[in-house]
Amino acid sequence: MSYSSILFAEEAGVATITLNRPEKLNSFTATMHAELKHAVKRVGEGGTARCLLLTGAGRGFCAGQDLSDRVMGKDAAPPDLGHTLSTLYNPLVLSLRALEMPVVCAVNGVAAGAGANLALACDIVLAARSASFIQAFCKIGLMPDCGGTYFLPRLVGTARAMGLALLGDKLPAEQAADWGLIWKVVDDDKLAAESQALARHLATQPTKGLTLIRQALHQSAGNTIERQLAVEADLQRQAGRTADYREGVAAFMGKRPAKFTGS
Ligand code: LHQ
């Protein structure tokens, strides 16, 4: 499949997907959804990638749904947005969460609506100092989707989640980092290099172990302590069977750098 709305590159163990409709702030169209679905599947199913990096082209990261696709005539029947979510956005979020590798997001500019929540679905979010996050849904009569009502209260607590979702104010990147919504802020001109370096580092690490870490943290939100301890025992059992665990211990004992293969 050739892509028109995203860019795809794979190098040094990192698959990079760049949302690429800069003139419309990389807002989502049906084509972009189809291409993203294809690219994420391709990353998960083969190739050499051990980390996915998601970013945007131009001055925005993603402005959510392309609203020019959504203009309704006065007498037109209302659209079934639930269908749009069930068939496009929800599978996208779940496909990112199901990848067996870490997912880094480099938010290069404004992230609004579903674009903001797409970023929050990733494991480590870096943002350019000039970037911002906007839960824009309330301004057009909608509610946060693309996982927003799941991620926001878990990341920043209910009070801040409510404020963000009900007011739709622009949250500057630095405040997002201060609030724990994202991992860190980077100077604009360093974002591409720093996020690529982080992704390349992750791609050299024990990929199976990292996948188990993200699985455990994903499950933690809805679990009791008893259940989560059981999850840890189960996943650690799997970690203990990996070649990278064997290598990690051998390297530590041999006082040498470990060479992880991701297996
Ligand atoms: C856009 C968009 C956009 C089209 C900028 N669409 N063109 C899920 C289920 C189904 C349906 C509904 O939605 C959802 C989930 C959602 O994501 S709902 C939320 C949709 N997103 C928004 O409401 C955000 C709309 N955009 C904005 O509020 C602003 O553009 C922000 C604050 C993101 C950026 O503002 P500025 O920096 O001032 O840029 P701008 O507004 O001038 O935008 C630049 C261009 O991009 C402009 O086009 P033009 O041809 O005039 O230069 C905008 O029309 C276009 N654009 N967002 N979502």
Side-chain angles (χ1 to χ4, degrees), residues 4-7 17-37 40 54-74 76-97 105-122 125-153 155-156 161-176 179 181-182 185 188 191:
S4 62
S5 298
I6 65 167
L7 302 172
I17 297 177
T18 307
L19 308 178
N20 192 31
R21 302 180 65 240
E23 68 292 347
K24 296 293 174 194
L25 301 182
N26 305 318
S27 50
F28 278 104
T29 57
T31 302
M32 197 161 92
H33 269 296
E35 293 181 2
L36 265 175
K37 179 179 175 183
V40 173
L54 181 64
T55 191
R59 73 175 179 89
F61 171 67
C62 176
Q65 172 69 34
D66 185 324
L67 295 174
S68 61
D69 278 3
R70 298 283 156 172
V71 180
M72 284 157 275
K74 196 159 79 62
D80 182 353
L81 299 190
H83 180 73
T84 308
L85 293 179
S86 307
T87 55
L88 298 176
Y89 289 90
N90 297 359
L92 172 61
V93 169
L94 294 176
S95 69
L96 291 174
R97 303 262 291 186
C105 186
V107 179
N108 51 297
V110 63
N117 296 335
L118 174 68
L120 303 184
C122 300
V125 185
L126 291 89
R129 203 167 296 283
S130 67
S132 55
F133 296 81
I134 311 176
Q135 295 295 321
F137 309 88
C138 58
K139 310 250 185 201
I140 55 168
L142 295 182
M143 54 167 291
D145 58 25
C146 204
T149 61
Y150 182 88
F151 300 126
L152 284 171
L155 290 167
V156 298
M162 278 289 185
L164 291 170
L166 292 176
L167 299 173
D169 288 347
K170 182 184 279 199
L171 184 72
E174 293 200 24
Q175 199 172 355
W179 282 10
L181 188 72
I182 62 170
V185 172
D188 288 26
L191 180 71

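Whatever order the structure lists ligands and atoms in, that order sets their numbers, starting from 1. As the structure is a prediction and not an experimental result, all values here were calculated from the model.
Here's the thing with Q65: one of its N/O atoms is less than 3.5 angstrom from an N/O atom of ligand 1. The shortest N/O to N/O separation between L67 and ligand 1 falls below 3.5 Å.
Taking each heavy atom of I134 and A116 in turn, the nearest pair found is O-CB, 4.0 Å. For the residue pair N117 and C146, the shortest heavy atom distance occurs at CB-O, 3.4 Å. Of all heavy-atom pairs between A173 and A128, the closest is CB-O, 3.3 Å.
For atom 50 (O) of ligand 1, a protein heavy-atom neighbour is present inside the 4.0 Å cut-off. The presence of a protein heavy atom under 4.0 Å from atom 10 (C) of ligand 1 is confirmed. Counting protein heavy atoms under 4.0 angstrom from atom 29 (C) of ligand 1 gives zero. Atom 38 (O) of ligand 1 lies below 4.0 Å from none of the non-hydrogen atoms of the protein.
Atom 14 (C) of ligand 1 has D145 OD2, 3.4 Å as its closest protein atom, hydrogens excluded (heavy atom only). Regarding atom 32 (C) of ligand 1, its nearest protein heavy-atom neighbour is I134 CD1, 3.7 Å. Looking only at heavy atoms of the protein, atom 52 (O) of ligand 1 is closest to E23 O, 4.6 Å. The closest protein non-hydrogen atom to atom 4 (C) of ligand 1 is D66 OD1, 3.3 Å. Scanning the protein for heavy atoms near atom 43 (O) of ligand 1, the closest one is L25 CD1, 3.6 Å.
F28 does not count as a contact of ligand 1, since none of its heavy atoms falls under 4.0 Å from the ligand.
Near L142, with a cut-off below 4.0 Å to any heavy atom, the atoms of ligand 1 are 12 (C), 13 (O). Close approach of ligand 1 to G64 (heavy-atom distance below 4.0 Å) involves ligand atoms 17 (O).
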Mind running side chain to side chain donor-acceptor pair (under 3.5 Å) on Q65 and D145 for me, showing each step along the way? CA-CA 11 Å; Q65 172 69 34; D145 58 25; over 6 Å; no
Might you work through the side chain to side chain donor-acceptor pair (under 3.5 Å) test for D188 and S130, ending with a clear yes or no? CA-CA 7 Å; D188 288 26; S130 67; 2.5 Å; yes
Walk me through whether D66 and S68 qualify under side chain to side chain donor-acceptor pair (under 3.5 Å). CA-CA 6 Å; D66 185 324; S68 61; 2.4 Å; yes
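When non-hydrogen atoms are compared, ligand 1 lies under 4.0 Å from the side chain of F137 (C-beta onward) but not from its backbone. The part of L81 lying near ligand 1 is the side chain, judged by heavy-atom distances below 4.0 Å. At a heavy-atom distance under 4.0 Å, atoms from both the backbone and the side chain of A114 approach ligand 1.
Nearest to atom 48 (O) of ligand 1 by heavy-atom distance, out of R59, Q135, K24, is K24. When the heavy atoms of A112, A63, A136 are ranked by distance to atom 20 (C) of ligand 1, first place goes to A63.
In this structure, T55 contributes its side chain and A106 its backbone to a donor-acceptor pair below 3.5 Å. Of the possible polar contacts, one joining the N108 side chain to the G58 backbone as a donor-acceptor pair under 3.5 Å is found. Remark: the backbone N or O of L164 is not paired with any side-chain donor or acceptor of Q135 at under 3.5 angstrom. Counting only distance, with no hydrogens or angles, the side chain of D80 and the backbone of H83 share a donor-acceptor pair below 3.5 Å. Although no hydrogens or angles enter the test, the distance criterion places a donor-acceptor pair under 3.5 Å between the side chain of N26 and the main chain of F61.
Note on ring orientation: taking the six-membered ring where Trp is involved, the planes of F28 and H33 are parallel (angle under 30°, cut-offs 30° and 60°).
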